[in-house]
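First the structure, in the form of C-alpha cells, and then the observations on it.
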Amino acid sequence: MPFVRIDLPDTVSPQDAQALGDAVHQALVASFEVPSDDRFQVLARHAPGALVCTPSYLGVQHSARVALVQITCSFGRTLAQKRALYARIVQNAAQAGFAAADVVIHLVETERENWSFGEGVAHYAPAAS
C-alpha cells in the first residue's frame with residue numbers, strides 16, 4: 001500500500017525516472033514485503049529552479065541529478081526494516097545510474113484507515129457497525 005512520489009530534475013530522462021521507480025518498488029517488495037502488484041507511484045520531473053536540494057547536508061554531497069523519494073505507508077515497520085529499505089533503494093538505484101548520495105528518501109507513516117484505493121471506500125478501515 002505504499003504511495004511513492006519521486007521528484008527529479010527534468011534533465012533525468014523518462015527512462016531513467018522509470019528505472020528509479022522500478023528500483024524503489026523492488027526495494028519495497030524485498031524490504032517491506034509489499035505485494036508486487038501493490039504499486040502506486042508519481043514520477044515527476046521538474047524544470048530548473050523547481051526542485052531545490054542543498055548541495056551538501058550532513059556530509060552528503062548532492063549533484064544536479066538528485067532524486068527526492070517520498071514514501072507514504074502504514075505504521076508497523078521496524079527501524080531495521082526501514083534501514084534495509086533505504087540501503088536496498090540506494091543499491092537498486094545505482095543499477096539505474098543514480099549515485100547513492102543523490103537518493104534522498106523521506107518516509108511518511110500514516111494510519112491504515114487513511115487509505116482508499118478507489119470507489120470512495122476506506123479499504124483498510126474497520127467495518128462500520
Side-chain angles (χ1 to χ4, degrees):
M1 91 162 98
F3 179 83
V4 176
R5 181 175 178 99
I6 302 174
D7 292 284
L8 302 154
D10 66 359
T11 55
V12 173
S13 72
Q15 296 81 9
D16 286 352
Q18 184 63 52
L20 183 57
D22 293 344
V24 171
H25 184 68
Q26 291 164 3
L28 284 164
V29 170
S31 301
F32 275 19
E33 299 178 3
V34 170
S36 61
D37 65 342
D38 185 353
R39 186 170 181 173
F40 300 90
Q41 296 184 337
V42 174
L43 306 175
R45 294 168 51 240
H46 301 277
L51 187 65
V52 178
C53 180
T54 188
S56 176
Y57 188 70
L58 299 176
V60 179
Q61 305 298 313
H62 304 117
S63 80
R65 194 173 157 86
V66 70
L68 304 178
V69 179
Q70 182 176 29
I71 302 168
T72 304
C73 62
S74 62
F75 290 100
R77 273 63 177 223
T78 66
L79 180 56
Q81 286 176 301
K82 293 172 188 179
R83 287 181 170 152
L85 174 68
Y86 305 152
R88 176 92 46 141
I89 288 173
V90 168
Q91 179 184 23
N92 293 354
Q95 296 171 7
F98 289 86
D102 282 334
V103 182
V104 178
I105 304 165
H106 176 214
L107 187 68
V108 179
E109 295 175 307
T110 184
E111 298 290 340
R112 292 174 63 85
E113 67 193 31
N114 294 332
W115 294 85
S116 173
F117 294 92
E119 300 178 349
V121 175
H123 290 89
Y124 292 138
S129 37

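- With sequence neighbours excluded, the residues forming a salt bridge (charged side-chain N to carboxylate O under 4.0 Å, His left out) with D16 are R65, listed by chain and number.
- Remark: E113 pairs with E111, A125 by the side chain to side chain contact (heavy atoms under 4.5 Å, CB included) rule, at least two apart or across chains.
- Here V108 sits alone; no ILVMFWY side chain lies under 4.5 Å from its own, so it joins no hydrophobic cluster.
- With a 6.0 Å radius and a threshold of 12 heavy atoms from other residues, nucleotides or ligands, Y57 has its OH atom at or below the threshold.
- Residues I6 and G21 come closest through the heavy atom pair CD1-CA, 3.8 Å.
- A pairwise comparison of heavy atoms in V90 and A100 identifies CG1-CB, 3.2 Å as the closest pair.
- Residues R112 and S74 come closest through the heavy atom pair CG-CB, 3.6 Å.
- With sequence neighbours excluded, the residues forming a salt bridge (charged side-chain N to carboxylate O under 4.0 Å, His left out) with R5 are D7, listed by chain and number.
- As a member of the Ile/Leu/Val/Met/Phe/Trp/Tyr network built from side-chain separations under 4.5 Å, V52 groups with nothing else and remains a singleton.
- Nearest heavy-atom pair, A101 versus H62, reported as atom, atom and distance to 0.1 Å: O-CD2, 2.9 Å.
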Could you walk me through whether D22 and R39 pass the side chain to side chain contact (heavy atoms under 4.5 Å, CB included) test, one step at a time?
-> CA-CA 10 Å; D22 293 344; R39 186 170 181 173; 2.7 Å; yes

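- Heavy atoms only, all atoms of each residue included: T72 and W115 are closest at O-CH2, 3.4 Å.
- I89 places a side-chain heavy atom less than 4.5 Å from the side chain of I71.
- The side chain to side chain contact (heavy atoms under 4.5 Å, CB included) search around P9 returns T11, V12, L51, not counting sequence neighbours.
- Nearest heavy-atom pair across S56 and Q61 is OG-NE2, 2.9 Å.
- Residues Q95 and Q26 fail the side-chain proximity criterion, which asks for heavy atoms closer than 4.5 Å.
- Evaluation of the side chain to side chain contact (heavy atoms under 4.5 Å, CB included) rule for E119 yields V121 as partners, not counting sequence neighbours.
- With sequence neighbours left out, the ring-ring contact (aromatic ring centres under 6.0 Å, His included) criterion links Y124 to F117.
- F3 places none of its side-chain heavy atoms less than 4.5 Å from the side chain of Q70.
- Both V69 and L107 are members of a single hydrophobic cluster when ILVMFWY side chains are connected at heavy-atom separations under 4.5 Å.
- Residue pairs meeting the salt bridge (Lys or Arg N to Asp or Glu O under 4.0 Å) criterion with at least one partner in residues 69-79, sequence neighbours excluded, do not occur; the list is empty.
- Applying the side chain to side chain donor-acceptor pair (under 3.5 Å) test to every pair with at least one member in residues 83-93, sequence neighbours left out, gives no pairs at all.
- Within the 4.5 Å cutoff, no side-chain heavy atoms of V4 are placed close to those of H25.
- Connection of F40 to V42 is established within a shared hydrophobic cluster, with ILVMFWY side chains joined at heavy-atom distances below 4.5 Å, either directly or through further cluster members.
- Residues meeting the side chain to side chain donor-acceptor pair (under 3.5 Å) test with T54, sequence neighbours left out: none.
- Under the rule for a side chain to side chain contact (heavy atoms under 4.5 Å, CB included), the partners of A93 that lie at least two apart in sequence or sit in another chain are L20, F98, V103.
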Derivation and outcome, side-chain hydrogen bond (donor to acceptor under 3.5 Å, both in side chains), residues Q81 and S31 | CA-CA 6 Å; Q81 286 176 301; S31 301; over 6 Å; no

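- Cluster membership check: L43 shares its hydrophobic cluster with V34, using side-chain heavy-atom separations under 4.5 Å among Ile, Leu, Val, Met, Phe, Trp and Tyr.
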